[in-house]
*Asks:* 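Can you read through this structure? Questions will come right after.
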Amino acid sequence: MTYSYKTKGTCSTRIDLELDGNVVKKVAFTGGCNGNLQAVSRLVVGKTVEEIEQTLGGISCNGRPTSCGDQLARACREAYNAEQNQ
């Protein structure tokens, strides 16, 4: 399943991801810190939604209550839940 998530409160504006069940197959960010987000995208491939939530959920950035990593965790959960409700 391919899913697009509009981020909230971060420099990146969108996350496109592909899930196979609860496993992340591909992630691409639009905007944000290009090098760091390419690294994050590669590091999460093959991880489950739960692993990503546990690792990246709740991270803040520069005093903001969220970060690109936190938004990725939320995007993965939203995509997984949308897939389950189809």
Side-chain angles (χ1 to χ4, degrees):
M1 164 192 212
T2 303
Y3 193 81
S4 288
Y5 178 84
K6 181 167 175 22
T7 60
K8 299 156 195 76
T10 60
C11 297
S12 65
T13 56
R14 189 177 81 217
I15 303 170
D16 296 306
L17 59 104
E18 184 179 332
L19 293 180
D20 182 9
N22 73 332
V23 177
V24 173
K25 294 297 181 186
K26 185 177 180 182
V27 174
F29 286 84
T30 300
C33 304
N34 186 38
N36 288 334
L37 295 176
Q38 283 184 59
V40 169
S41 298
R42 290 179 187 184
L43 289 169
V44 299
V45 169
K47 305 277 186 206
T48 65
V49 170
E50 294 79 12
E51 289 173 317
I52 294 168
E53 287 176 318
Q54 187 174 48
T55 304
L56 301 177
I59 294 174
S60 62
C61 182
N62 289 331
R64 296 180 219 158
T66 190
S67 65
C68 292
D70 181 58
Q71 289 292 295
L72 176 57
R74 294 175 192 207
C76 289
R77 174 54 60 191
E78 191 173 290
Y80 179 74
N81 288 346
E83 183 176 54
Q84 296 305 303
N85 293 325
Q86 286 184 348

*Asks:* On a heavy-atom basis, which atom in L19 and which in A79 lie closest, and how many Å separate them?
*Replies:*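 For L19 versus A79, the nearest heavy atoms are CD1-CB, 3.7 Å.
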*Asks:* Does the side chain of Y5 pick up a donor-acceptor pair with the side chain of E78 at under 3.5 Å?
*Replies:* no
*Asks:* Strictly distance-based, threshold 3.5 Å: is any side-chain N or O of S12 a donor or acceptor partner for the main-chain N or O of R14?
*Replies:*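 Not at all, since once roles are kept as given, no pair shorter than 3.5 Å links the two residues.
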*Asks:* Should F29 and L72 count as side-chain neighbours, where that means a heavy-atom distance under 4.5 Å?
*Replies:* yes
*Asks:* Can you list the residues that meet the salt bridge (Lys or Arg N to Asp or Glu O under 4.0 Å) rule with D20, with sequence neighbours excluded?
*Replies:*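 None.
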*Asks:* Under 3.5 Å, side chain of E18 to main-chain N/O of V27, donor-acceptor pair present?
*Replies:*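 No, the answer is negative, given that no donor and acceptor are paired below the 3.5 Å cut-off.
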*Asks:* Could you go step by step and tell me if V24 and K47 meet the side chain to side chain contact (heavy atoms under 4.5 Å, CB included) rule?
*Replies:* CA-CA 6 Å; V24 173; K47 305 277 186 206; 5.6 Å; no
*Asks:* Measure the spacing between SG of C68 and CD1 of I15 and express it to the nearest 0.5 Å.
*Replies:*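 That separation rounds to 7.0 Å.
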*Asks:* For a quick test of reading the model, state the closest non-hydrogen atom pair linking A75 to L17 and the distance between them.
*Replies:*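 In terms of heavy atoms, the two residues are closest at CB-CD2, 3.7 Å.
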*Asks:* Locate the shortest heavy-atom distance separating G21 from E83; write the atom from each residue and the value.
*Replies:* O-OE1, 3.2 Å
*Asks:* Who pairs with R42 by salt bridge (Lys or Arg N to Asp or Glu O under 4.0 Å), at least two apart in sequence or on another chain?
*Replies:* none
*Asks:* Measuring only between side-chain heavy atoms, which start at C-beta, is V45 closer than 4.5 Å to V23?
*Replies:* no
*Asks:* Find out whether R64 and C11 are in side-chain contact, i.e. whether some heavy atom of one side chain is under 4.5 Å from a heavy atom of the other.
*Replies:*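 In contact.
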*Asks:* Would the number of heavy atoms belonging to other residues, nucleotides or ligands and lying under 6.0 Å from NZ of K26 be above 12?
*Replies:*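 Check fails, neighbour count at 12 or below.
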*Asks:* Under the criterion side chain to side chain contact (heavy atoms under 4.5 Å, CB included), I'd like the reasoning laid out for T66 against S60: C-alpha separation, chi angles, the key distance, then a yes or no.
*Replies:* CA-CA 4 Å; T66 190; S60 62; over 6 Å; no
*Asks:* Work out which heavy atom in I59 is nearest to a heavy atom in S67; give both atom names and the distance.
*Replies:*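 Looking at all heavy atoms of both residues, the shortest contact is O-OG, 2.9 Å.
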*Asks:* Closest heavy-atom contact between L37 and S41?
*Replies:* O-OG, 2.7 Å
*Asks:* Run M1 and Q86 through side chain to side chain contact (heavy atoms under 4.5 Å, CB included) and show every step you take.
*Replies:* CA-CA 11 Å; M1 164 192 212; Q86 286 184 348; 3.8 Å; yes
*Asks:* Mark yes or no for whether D70, through its side chain, and G57, through its backbone, hold a donor-acceptor pair below 3.5 Å.
*Replies:*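 Answer holds: no.
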*Asks:* Residues two or more places apart in sequence or in another chain: which of them pass side chain to side chain contact (heavy atoms under 4.5 Å, CB included) with N22?
*Replies:*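 Result, side chain to side chain contact (heavy atoms under 4.5 Å, CB included) vs N22: T48, V49, E50, Y80.
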